[in-house]
Amino acid sequence: MAREKVLVTSALPYANGNIHLGHLSGAYLPADIYVRYKRLNGDDVVYVCGSDEHGVPITVTADKEKITPKEVVDKFHEANKKAFQNFGMTFDVYSRTSIPVHHSTAQEFFKCFYDQGLLVEKKSMQFFDEKVNKFLPDRYVEGTCPKCGNEEARSDECEKCGSLYDPTELKNPKSKMTGETPVWKETSHWYFPLGKFQERLEKYVNEMDANYKWKDNVLQYCRGWFNEVLKDRAITRDLDWGVKVPLEDVQNKVLYVWFEAVLGYISAAKELSELRGEPELWKKYWQDKYTKYIAFIGKDNVVFHTIIFPAILMAWNDANETKYCLPQNVPANEFLNFEGKKFSKSRGWGIDVREFLELFPADTLRYTLGANLPEGKDTDFFWKEFQSRTNGELADILGNFVNRTFTFAHKHFEGKVPLRGTLAKIDEDILEYLKEVPVKAAELIERYKIKDAIFEMMNLARAGNKYFNDSEPWKSSKTNKEQCASTINICLNIIYTLAEIFEPVIPFTSAKIFDMLNAKPTQWLNSGKTNLVEGNILNEPQILFAKLEDKIIEEQINKLPQVIDLAATEAVEEITIDEFKRVKLKVGKIIAAENVKKSDRLLKLQIDLGTEKRQLVAGIAKSYNPEDLIGKKILMVANLKPAKLFGIESQGMVLALDTHEEGKVRLIEIDEAIELGKTAK
RNA sequence: GGCGAGGUAGCUCAGUUGGUCAGAGCAGUGGAAUCAUAAUCCACGUGUCGGGGGUUCAAGUCCCUCCCUCGCUACCA
C-alpha cells in the first residue's frame, strides 16, 4: 500500500482553563490514536496542535486575577502542554497563537483578503465601557429587558421571556466588567463575505462526503448552516489582546478569534519547521494537493472547520499561486458528560486531566475513554465504569493473559520463546484469526470508528484466553511437551500482536509488553503475521495493571458535589395504591439460618410467620453470619412467586437496604413488640 | 420559538441502503477448569426497539403525530 501523506490537527484548546476528560474524548484521544496507528502503518504523518490564546474571556480572567493576559495564557499553555504530555499525546508540535509567526501568518491572510477588496467594512454602534476603555461584547452587557422588565437581561436578548431585541432598546444597561453604564459608540469592522462562498462550500462538503464519507452528525450541522444562508461575518474586534489588524491607520483592533485561531494550524506547522530546521517542511504538508488533511474536533467546532476555515483557504487559494489543502475529513465527536451531567468547572463537576493523572495511570484513562468515545452521540464518564474497564478488561483479560503466558513460559521453557511444532486445528484457527485482527482494526480506524477498533483489540485478548484454556498447556506440559511448546509460542505471538495493535490506545503498556517480549514493533499490517524469533529470551513479566479497589473509586465518587437531583426522585415510576396492595409484606422471625453450599453469598433461612413457616434463600451471606440472624424479626414479601436457587426452593424474599459499603446490605428489622404474621400497609 | 440529535435488555451502548436485526460488553444464575493479578472458559435474555397512527407481503429501520432528554440558536469561544 502506498504511503499516505497525512496532516492531522486537533482543535486548539482555549488557554483559559485546564483541559478535562471531555476535551480528550472529543478531539485529542481519537486523533492521537489515529496518528499513532498511521505511523505504525508506515504513513508520513504530521500532527500539530497548540493553545488558542486570544479573545475576550482571557482578558476577563486577567482582570479578575489582576495579572496580564500574557500571564494567563502562559500559565494554561504550560499546564495543558504538560497534561497532554502525561496523557501520552504525540503532537509533533504543541504551538501557541501568541507567537510571532502566528501573528504574521494571520495578518498575511487578512492583508491578502483586504488587498483583494474581498472584505466589507461596516459601521455599527456598540456599547463602550469608558472606565476600561473597551467595547463590550453582548454577553458583557446586562440591563433591564424592554419587554418583561427582567433586570438581568443580556444586551440583545432576555433569557427570562425569550424575546430578542436591538441593544438600543435595553434599559439601564450596565457593563458586567465594571458595573458602569456603558456609552453608545460608533465603531467599524471588516466582514468576511461567507455568502460568496456558499455554493462552492456546499459543493466541497458534498464532494468530500461522496469521496471520503463524512460523519452524519457533521453533515447535519453543515446542512443546518447552509439552509440558513451564510452571512457576512465580522473578522475584527475592538480589543487590544490579539493579532493586530495590519493596517496603518487602524488601532486597538484585533483579528477576531474565529478567523485567526484556525490559522493556528498553519502557524503551528511553521513552528515545527523552525524547530526541525527545515523551513520548507510545512509547505510539504499544507501546500501539497495530495495531502490528506484530517481535522479532529468536538461538535461545537464543526462550523469553523467545515465552512469558515475552508472558505478562508478558498479565498487565499483564489488569489495566490500557493494553494492550501482543505480538510478531507472532519470527524467531529459529540460530547463526553461526567456521571450523567455536563462538565462544569464552576460547579465543580468533573475532573481535569492533570488531577486525574496524579491518581491513575494514563493508559487506564486512555482505554476507558477510548472504549466509550462519543462518536455517534454523547456518552458519559462514570467512575464505576472506569473501575470495571480497568479491572475487568485491562487487568483481567489483557493483563492476566500476558501474565499467565509469561509465567508459564518462564516455568516450563526457561523464559525463551518455545519452538512451534506441528499444528493442530485449534492452532491453525487462532493463527488465522490473529492475521485478521490488525486488518480489521485498521479498517475501523480508517473509518474513524475507533471505539469499535478498540473492541476488536480487546477481543483478541479474549480469544487468547480462550485459546489458552482450550489448549490446556498445563496438561500438555506433562504429556506432550512439543504441543505445549506450540501453544505457548502462539500465545506469545498473540501478545506480540496485542502489543502492536494496542500501541495507539495504551502506548505505555504496549512499550512494557514489547520490553517483556524483548522485541520491537513491526509494520501494522504485518503484525499478525510476523513471528517472534524462536529461542528469543523473554524478560521477567511484570504486572501491567493493578486492580482499582472499591475504596479508592468510592473516594472519588464521594468527592463530587452532592446535588439534590429532583429529576431522579421524580423519575421513579408511580404506582397506584391497588398495585402496592398486591405486594404482601409480612413480619416474620428467623428461626434457622445456614450457608448454602458452594455459594459465597447465599444463606438458607427458615422464617416463622406465626401461622406458617417459610424457607427462603437470601443473598446476604456477605453481610451477615448465619448465627447472628437467629431470632431477628424481619419484613418479608410473602406472596413472591417461589424460585429455586442452587436447587433450594425460596418462598419469598426478605427486605434489606443497601449500605454505603459495596455489596453489603442491612436487613429491615422489626420492633420486638410486633406480632408475627402482621401485614405491612 | 426555530433547527438538530437521542429515547433499543437491570446498566453502558451497536444496529449500512426496510426482509435471520432483536444484538454486544458489564451485572446476574448455573457449570467447567486451576497455568494465571480468585484472574479464565462455557451455557442461559418472554426486551410492547418512547406512545399512537399510517405505508408495505414485510419496519428499531420509511411517513405523520404526540411525549421525554440533550445540544445549537451567529459577533459566543
Side-chain angles (χ1 to χ4, degrees), chain A residues 11-14 16 52 54-58 124 126 135 137-140 154 156-157 162-164 189 191 194 213 216-217 220-221 223-225 227-228 230-237 256-259 261 299-304 308 334-335 337 341-342 371-372 375-380 382 384-385 388-389 391-397 399-409 411-412 449 451-452 455 458-459 462 464-477 484 487-488 491 541-547 567 571 598-602 619 643-647:
Chain A
L12 307 185
Y14 200 51
N16 191 35
D52 171 8
H54 299 137
V56 179
I58 283 169
S124 64
Q126 264 196 317
F135 279 96
D138 286 339
R139 55 188 291 205
Y140 289 108
R154 278 175 41 160
D156 59 345
E157 75 169 313
S163 56
L164 299 173
H189 286 293
Y191 286 70
L194 263 190
K213 190 68 196 123
D216 285 340
N217 57 347
Q220 284 302 344
Y221 281 111
R223 278 180 204 134
W225 282 81
N227 286 341
E228 288 191 27
L230 302 177
K231 296 180 189 127
D232 296 352
R233 282 184 72 110
I235 62 169
T236 57
R237 191 142 224 226
Y256 194 36
V257 180
W258 66 257
F259 174 81
K299 64 177 167 185
D300 51 334
N301 251 323
V302 170
V303 65
F304 298 103
I308 291 173
E334 305 287 314
F335 285 151
N337 293 319
K341 290 198 284 281
K342 279 186 81 161
N372 192 24
E375 287 171 343
K377 62 178 175 188
D378 291 0
T379 58
D380 277 275
F382 291 106
K384 277 289 174 195
E385 186 191 335
S388 81
R389 292 227 183 248
N391 293 354
E393 296 180 16
L394 290 173
D396 293 350
I397 295 172
N400 187 237
F401 175 60
V402 172
N403 186 246
R404 71 198 296 204
T405 302
F406 267 82
T407 307
F408 202 98
K411 204 179 281 180
H412 298 277
K449 290 182 163 264
K451 192 164 37 168
D452 290 347
F455 184 62
M458 192 51 84
N459 278 347
R462 287 193 167 93
N465 276 314
K466 178 170 168 50
Y467 170 74
F468 197 111
N469 270 36
D470 293 350
S471 300
E472 301 183 311
W474 58 91
K475 285 184 184 165
S476 62
S477 74
C484 180
T487 300
I488 297 307
C491 284
Q542 46 177 316
I543 295 297
L544 297 175
F545 298 98
K547 296 281 190 80
K598 299 191 78 175
S599 164
D600 54 0
R601 61 184 60 182
L602 296 180
K644 271 197 175 181
L645 299 170
F646 276 68

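Each chain gets a letter, A, B and so on, in the order the sequences are listed, and its residues count up from 1. As the structure is a prediction and not an experimental result, all values here were calculated from the model.
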If I take atom NE2 from residue A:His54 and atom CZ from residue A:Phe259, how far apart are they, to the nearest 0.5 angstrom?
13.5 Å

Pull out every protein N or O sitting under 3.5 Å from an N or O of nucleotides 38-45 of chain B, one pair per line with the distance.
from, atom 1, to, atom 2, distance (Å)
B:rA39, OP1, A:Lys547, NZ, 3.2
B:rA39, O5', A:Lys547, NZ, 3.3
B:rA39, O2', A:Asp396, O, 3.0
B:rA39, O2', A:Asn400, OD1, 2.5
B:rU40, O2', A:Arg404, NH1, 3.4
B:rU40, O2', A:Asn469, OD1, 2.9
B:rU40, O2', A:Asn469, ND2, 3.3
B:rU40, O2, A:Asn469, ND2, 2.9
B:rC41, O4', A:Asn469, ND2, 2.8

Under the side-chain contact (heavy atoms from CB on, under 4.5 Å) rule, collect the residues that match up with A:Gln220, sequence neighbours excluded.
A:Arg223

For B:rA22 and B:rG31, measure between their P atoms and round to the nearest Å.
32 Å

Taking CG from A:Leu544 and C1' from B:rA36, how many angstroms apart are they, rounded to a whole number?
13 Å

Residues that A:Asp470 engages under salt bridge (Lys or Arg N to Asp or Glu O under 4.0 Å), provided they are two or more places apart
A:Lys466

Rounding to an integer number of angstrom, what distance separates B:rA43 and B:rC26 when you compare their P atoms?
13 Å

Taking OP1 and OP2 of B:rA77, is either one under 4.0 Å from a side-chain nitrogen or oxygen of A:Arg237?
yes

Rounding to a whole Å, what distance do you find between A:Asp300:CG and B:rA74:P?
15 Å

Which whole-number value in Å describes the distance from A:Glu393 CD to B:rA27 C1'?
13 Å

Those residues at least two apart in sequence (or on a different chain) that pass side-chain hydrogen bond (donor to acceptor under 3.5 Å, both in side chains) with A:Lys547 are A:Asp396

Gap in Å between the two P atoms, one belonging to B:rC66 and one to B:rC13, rounded:
28 Å

Spacing of A:Asn391 atom CG relative to B:rA27 atom P, expressed in whole Å
11 Å

Who are the side-chain hydrogen bond (donor to acceptor under 3.5 Å, both in side chains) partners of A:Lys411, not counting sequence neighbours?
none

Partners meeting side-chain hydrogen bond (donor to acceptor under 3.5 Å, both in side chains) with A:Asp380 (sequence neighbours left out)
none

Stacked pair A:Trp474-B:rC35, distance under 5.5 Å, angle under 30°
yes

Salt bridge (Lys or Arg N to Asp or Glu O under 4.0 Å) filter on A:Asp300, not counting sequence neighbours, yields none

Applying side-chain hydrogen bond (donor to acceptor under 3.5 Å, both in side chains), can you list everything that pairs with A:Asn337, at least two apart in sequence or on another chain?
none

Do nucleotides 5-13 of chain B as a string where each nucleotide becomes B, S or -: B if the base has a protein heavy atom under 4.0 Å, S if just the sugar-phosphate does, - if no protein is that close.
SS-----SS

Could you please name the option among B:rG15, B:rA77, B:rU34 that lies closest to any side-chain atom of A:Lys449?
B:rG15

What is the distance, to the nearest angstrom, from the CG atom on A:Asp452 to the P atom on B:rG23?
18 Å

May I have the distance from A:Asn301 (atom CG) to B:rC72 (atom P), rounded to whole angstrom?
13 Å

